[in-house]
There are 2 protein chains.
Amino acid sequence: MSRKTEQTRVRILQATLDQLASGSPEKTRVSDIAKAAGISRQALYLHFPTRAELLIAATKYLDAQVDIDASLAESRAAATGEDRLSAFIRAWAGHIPVIHPVGRALMAMQDSDPEARAAWADRMAAVRHGCAAAVAALARDGRLRADLTEERATDLLWTLLSVRVWEHLTRDCGWSQAAYLAEITRASRAALLAPAAS
Amino acid sequence: MSRKTEQTRVRILQATLDQLASGSPEKTRVSDIAKAAGISRQALYLHFPTRAELLIAATKYLDAQVDIDASLAESRAAATGEDRLSAFIRAWAGHIPVIHPVGRALMAMQDSDPEARAAWADRMAAVRHGCAAAVAALARDGRLRADLTEERATDLLWTLLSVRVWEHLTRDCGWSQAAYLAEITRASRAALLAPAAS
DNA sequence: CGTCAACTTGACACCATGTCAAATTATCGG
DNA sequence: CCGATAATTTGACATGGTGTCAAGTTGACG
């Protein structure tokens, strides 16, 4: 009963991630996912009430698999604010490609589905929280640009690290992930750090 | 004959811009626009074959009204590269709010309509061209950061000035237009200019 | 072997876009 | 001012995806 239900649920979630990753996420239909999971479209609706909730569940499922907190451990352990900033950027930048397919699908639904909007906003708020921590560490070291409040610096970093910026640089500009990481790290330092950096 | 057709056409385009500006652009339906223009939905299709082409035509109509080239004149006339960069940013930043409603509608169609995608890409390519000119002026003055190629610098500036970044800062972060302009100018200078700036 | 849950099949409502045909109303040239 | 014709209206319909509903089928487990 519950055993089988859970199996099917996981199979659906995995199929969702697979389908989103291969092909345009925003054009992936519920029927495509059901087919990939080997069940009927209606059966999928027995597990997830709407497309939006399926996507949200898939996001959480992915979270559970990748364990972003572990990647952020290095950032939190950094001795200096500058190290913390770099480590945070490195960790988050490495995660963007992983969450991008489902993120793109979620972003595409933002205008039509309030739940999807809230779910995505929530995840991004978590990223902002990480940005704020890095900025606070910088401020503690006295390395933050004097004319920036912590809040404004956080907004700036959050924007620089947004998925849209990653998309623009890697997709529209054709940058490699390595180039993205190097340049966005540099740009973030340039934007936030007081002059006379290392 | 052609007189009336033209009148109606303009009325539709104006109604389109009005509707997009008031209310979520991506949720604006063809029937909403037709109603605002005072004609039937089917009559609208007599003038514009698809929603995408209507939006594209509205973009061109808006262009014709605002004359972006005039705003860029100051930028082109700048004596130094740094002045040119600042003037370009100021001009473009001032235009983003104007084109944003229709731009947002166009961006929302990118995944479903290749024509809309191409039209928006085209406009953004024009912005990139402006970025490239500013970067070239900077390079000519020897003010470009040594470790950046002109191409990469252009990509960076183009990204910083993207509509998505403007949306993020003004909508998600709640920044005023003035704050956006000031901070994005600063960030662009920090990202592109060689140290020891004015 | 019977029961209950999971699943299937097939039909349908909804909503926005886009198409079509027939009827009606403006508009313009003569 | 009238007749041709262009512009518009009304109403019906196709398409494609989401979400719902009902009735029938399969399969596991006590």
Side-chain angles (χ1 to χ4, degrees), chain A residues 1-16 19-20 23-58 102 104-117 119, chain B residues 1-16 19-20 23-58 102 104-117 119:
Chain A
M1 47 198 318
S2 187
R3 183 82 143 285
K4 172 134 193 223
T5 298
E6 197 54 26
Q7 279 180 0
T8 305
R9 194 186 147 86
V10 168
R11 199 144 43 88
I12 293 170
L13 292 173
Q14 191 57 56
T16 303
Q19 285 300 111
L20 292 178
S24 349
E26 50 282 312
K27 295 183 76 179
T28 301
R29 295 161 299 197
V30 172
S31 54
D32 295 331
I33 295 170
K35 193 177 293 178
I39 60 171
S40 68
R41 187 174 68 92
Q42 289 77 353
L44 195 154
Y45 279 109
L46 256 23
H47 294 265
F48 303 95
T50 64
R51 199 183 111 103
E53 296 216 28
L54 168 60
L55 257 28
I56 293 168
V102 66
R104 203 169 141 191
L106 234 31
M107 285 190 291
M109 295 196 74
Q110 275 193 86
D111 307 310
S112 58
D113 190 293
E115 290 207 51
R117 180 174 187 80
Chain B
M1 49 196 318
S2 187
R3 182 82 143 285
K4 170 127 193 232
T5 298
E6 197 54 26
Q7 278 179 358
T8 305
R9 193 185 148 88
V10 168
R11 198 145 41 89
I12 293 170
L13 292 172
Q14 192 57 55
T16 303
Q19 286 299 110
L20 292 178
S24 350
E26 49 283 310
K27 295 182 78 179
T28 303
R29 294 162 300 198
V30 172
S31 54
D32 295 331
I33 296 170
K35 192 177 295 176
I39 60 172
S40 68
R41 188 174 68 92
Q42 289 75 354
L44 195 153
Y45 280 109
L46 255 23
H47 293 265
F48 303 95
T50 64
R51 198 184 111 104
E53 296 215 30
L54 168 59
L55 257 28
I56 293 169
V102 66
R104 202 167 142 192
L106 234 30
M107 286 191 290
M109 294 197 74
Q110 275 193 82
D111 307 310
S112 58
D113 191 292
E115 290 207 51
R117 180 175 188 78

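Since this is a predicted model, take the numbers as computed values, not measurements. The sequence lines fix the lettering, A, B, ..., with proteins before strands; numbering per chain opens at 1.
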>> Once salt bridge (Lys or Arg N to Asp or Glu O under 4.0 Å) is applied, what residue pairs with a partner in residues 35-54 of chain B remain, sequence neighbours excluded?
In response: none

> For Gln7(A) and dC7(C), what is the distance between atoms CD and P respectively, to the nearest whole Å?
Replying inline: 10 Å

> Nearest-Å distance, CG (Leu55(B)) to P (dT17(C))?
Replying inline: 11 Å

> By side chain to side chain donor-acceptor pair (under 3.5 Å), which residues pair with Glu26(A), not counting sequence neighbours?
Replying inline: Arg104(A)

> With the sugar-phosphate defined as primed atoms, P, OP1 and OP2, and the base as all remaining atoms, what B/S/- string results for nucleotides 13-28 of chain D, 5' to 3', for protein heavy atoms under 4.0 Å?
Replying inline: ----SBBBB-------

>> To the nearest 10°, give me the bend of the helix from dC1(C)-dG30(D) to dG30(C)-dC1(D), comparing the axes of its five terminal pairs at either end.
In response: 0°

> Taking all atoms of both residues into account, what is the closest heavy-atom pair of Ala105(A) and Leu20(A), and its distance?
Replying inline: CB-CD2, 3.9 Å

> Distance check: side-chain N/O of Ser40(A) vs OP1/OP2 of dC7(C), anything under 4.0 Å?
Replying inline: no

>> Without decimals, in angstroms, what is the distance between Ile12(A) CD1 and dC7(C) P?
In response: 7 Å

> Starting at CD1 of Ile33(B) and ending at P of dG18(C), how long is that distance when rounded to a whole Å?
Replying inline: 11 Å

>> Taking any heavy-atom pair under 4.0 Å as a contact, classify Ile39(B): base, sugar-phosphate, or nothing.
In response: sugar-phosphate

>> Tell me the closest heavy-atom pair linking Tyr45(A) and Val30(A), and the distance in Å.
In response: OH-CG2, 3.8 Å

>> Under the rule for side chain to side chain donor-acceptor pair (under 3.5 Å), what residues qualify as partners of Arg11(A), not counting sequence neighbours?
In response: none

> How would you list, by chain and number, every residue that makes a salt bridge (Lys or Arg N to Asp or Glu O under 4.0 Å) with Asp111(A), sequence neighbours excluded?
Replying inline: none

> His47(B) side chain N/O closer than 4.0 Å to the phosphate oxygens (OP1, OP2) of dA7(D)?
Replying inline: no

>> Tell me the interatomic distance from Asp111(A), atom CG, to dA16(C), atom C1', rounded to whole angstroms.
In response: 15 Å

>> Between P on dA6(D) and CZ on Arg9(B), what's the gap in Å once rounded to a whole number?
In response: 19 Å

>> Show the nearest heavy-atom pair for residues Leu54(B) and Leu44(B), with the distance to one decimal.
In response: CD2-CD2, 3.9 Å

> Looking only at heavy atoms, what is the nearest atom pair of Ala52(A) and Ala116(A), with distance?
Replying inline: CB-CB, 4.4 Å

> Would a distance-only check, ignoring hydrogens and angles, find a side-chain to backbone donor-acceptor pair under 3.5 Å from Asp32(B) to Arg29(B)?
Replying inline: yes

> Over how many whole Å does the gap from Glu53(B) atom CD to dT17(C) atom C1' extend?
Replying inline: 14 Å

> Between dC15(C) atom C1' and Glu26(B) atom CD, what is the distance in whole Å?
Replying inline: 17 Å

